[in-house]
2 protein chains.
Amino acid sequence: MSLSYALLGLLSGDRPMNGYAIKALFDEAISHVWQAKLSQIYRELDALEAKGLLVSSIEEQRDRPSKRLYRATEEGKKAFLDWLGSVPESYASPKRDEFMLRLFFGSLAGPELVAREFRGFLGHMREHRASFENLHSHLAERFPGDPAMERADRICREDRYCEFIRRRAVLLAEASIAWAEECLAELEAEGDGRA
Amino acid sequence: MSLSYALLGLLSGDRPMNGYAIKALFDEAISHVWQAKLSQIYRELDALEAKGLLVSSIEEQRDRPSKRLYRATEEGKKAFLDWLGSVPESYASPKRDEFMLRLFFGSLAGPELVAREFRGFLGHMREHRASFENLHSHLAERFPGDPAMERADRICREDRYCEFIRRRAVLLAEASIAWAEECLAELEAEGDGRA
DNA sequence: CTGGACATGTAACAGGTTACATGATTCT
DNA sequence: AGAATCATGTAACCTGTTACATGTCCAG
């Protein structure tokens, strides 16, 4: 359900967007908040248009293939604002963490295997943290001349809520790194003791 | 895919389990790691039995309705251990966080609405943290005389990897709480300044 | 002229949710 | 008699992933 509101929100602005560009925006700006495949985005845009919450038009381009631009209708904008103003049913996001599930079976895997996984996890989280510490979107570069993308880029840089989101990503990554380092040290200390 | 391995892992032990009890174990022990509905668990158990990775048998009980006990076959145990030993494709769990998505649209919602959401989020996270700080499963109480559940309870209390998982949940909750308090303070300070 | 970025889609499948149906047993 | 817990399932639906198909335009 939330994906449709994300789309309505992005398309409620004064700048219409096409599916491909929305996908790029998802990937660069909110991939750690919400992710979606292109095929799902196209399907959802279709469904929203069928419901009358979006309208689309074809824009021909000289130097590139033409694209289908979507914008929210008044009804679509209202649906989005209603959602935004509603009380969320839950603040808990669905948890499906393969690494943690593997860790749950750690005693069946053995300390060496678990230690290996912790190293992989640490590598991933350090990369993740670095990518958010010096976050800067390249949307304007990738889509030169596209006002919607320039606007999105600017929002990502200047908007306080985007900054909140960025800060949380960094803090959570740091907490995970500290945790994993501690666990790994514990496992390795034991390994040395035995060897 | 991971749900099937979670089930195979739980049923690879010497104690067979029924779907209903597995659901209870999911909820009490690993709900923040992996969650699943009863209907999905039954469907998955069915599929795994059809593949020959599980076998089931009916156990009649005097005081309660009879139940279908599942256990992993040798092939099932092998499939589980293969998975456990394999290198995970990714350490990133899929992100779909409604609260963060709403925050992303914060400038369209306005500071008051966002502040309200932060308060809701804080309430949820504080509860969440408390529930993990004094974590103790009630499985043995809920299923008296069930050896599988007594075993699960003991593992949750004693297993080092379960302790790792618990610690991470607490640390992440604390990081989220600190972050949200800071953001909320920033929003409220601005509100006072204006008023 | 080939590969890559841009662009839009379809179809099939896998994974997850909701709603419904059924029934045993125990407790009040 | 009615509610609560234990217990198993089915069907429909929604959401998300994978694979495939098609085509434009530009740069090397």
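Remember, predicted model here, so these are calculated numbers, not experimental data.
Minimum interatomic distance between Gln35(A) and Ser31(A) (heavy atoms only, all atoms of both residues): OE1-O, 3.8 Å. Between Leu8(B) and Gly76(B), the closest heavy-atom pair is CD1-O, 3.9 Å.
Between Ile41(B) atom CD1 and dT17(C) atom P the separation is 11 Å, expressed in whole Å. As a whole-Å value, the separation of Gln40(A) CD from dA14(C) C1' is 13 Å. Atom CZ in Phe26(B) sits about 14 Å away from atom P in dG15(C), given to the nearest Å. One interatomic measurement links the two molecules: CG of Leu25(A) to C1' of dC6(C), which rounds to 16 Å at whole-angstrom precision. Atom CD1 in Ile58(A) sits roughly 10 Å away from atom C1' in dA7(C) (whole-Å rounding). In this structure, CD of Glu44(B) is placed 11 Å from P of dA14(C), rounded to the nearest angstrom. The interatomic distance linking Leu45(B) (CG) with dG15(C) (P) rounds to 14 Å, in whole Å. Note: CH2 (Trp34(A)) to C1' (dG16(D)) measures 11 Å, nearest angstrom.
Under the ring pair (Phe, Tyr, Trp, His ring centres under 6.0 Å) criterion, the residue pairs touching residues 9-57 of chain A are His32(A)-Phe132(A), with sequence neighbours excluded.
For Arg96(B) and dT15(D), the shortest distance from a side-chain N or O to OP1 or OP2 is not below 4.0 Å. Residue Tyr20(B) has no polar side-chain atom (N or O) positioned under 4.0 Å from OP1 or OP2 of dT8(D).
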Close N or O pairs between protein and nucleotides 20-28 of chain C (under 3.5 Å):
residue	atom	partner	partner atom	Å
dT25(C)	O3'	Asp63(B)	O	2.7

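Residue whose closest nucleotide on DNA chain C sits further toward the 5' end, between Ser66(A) and Ala36(B): Ser66(A).
By the 6.0 Å contact criterion, CD on Gln61(B) is enclosed, its count of non-hydrogen atoms from other residues, nucleotides or ligands being greater than 12. Other residues, nucleotides and ligands contribute over 12 non-hydrogen atoms within 6.0 Å of the CD atom of Glu133(A).
Here CD1 of Ile165(A) is found 8.0 Å from CD1 of Ile30(A). Values are rounded to the nearest 0.5 Å. In this structure, Lys23(A) NZ and Met17(A) CE are separated by 14.5 Å, a value rounded to the nearest 0.5 Å.
Tracing side-chain contacts under 4.5 Å through hydrophobic residues (I, L, V, M, F, W, Y), one never reaches Phe118(B) starting from Leu113(B); they form parts of separate clusters.
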What one-letter contact string describes nucleotides 9-14 of chain D from 5' to 3', where B marks a base within less than 4.0 Å of any protein heavy atom, S marks contact via sugar-phosphate atoms alone, and - marks no contact? BB-B--
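Taking the six-membered ring for Trp and thresholds of 30 and 60 degrees, Trp83(B) and Phe80(B) have ring planes inclined between 30 and 60 degrees apart.
Annotation: side chain to side chain contact (heavy atoms under 4.5 Å, CB included) contacts of Ser176(A) (sequence neighbours excluded): Phe121(A), Met125(A), Arg168(B), Leu172(B). Glu117(A) is linked by a side chain to side chain donor-acceptor pair (under 3.5 Å) to Arg102(A), counting only residues two or more places apart in sequence or in another chain.
A salt bridge between Glu74(A) and Lys77(A) is present, with a side-chain N of the basic residue lying under 4.0 Å from a carboxylate O of the acidic one.
Out of dG16(D), dT18(C), dA7(D), the shortest distance to the side chain of Lys37(B) is found at dT18(C).
Non-hydrogen atoms lying under 4.0 Å from DNA chain D are contributed by Arg142(B), Phe143(B), all within residues 141-153 of chain B.
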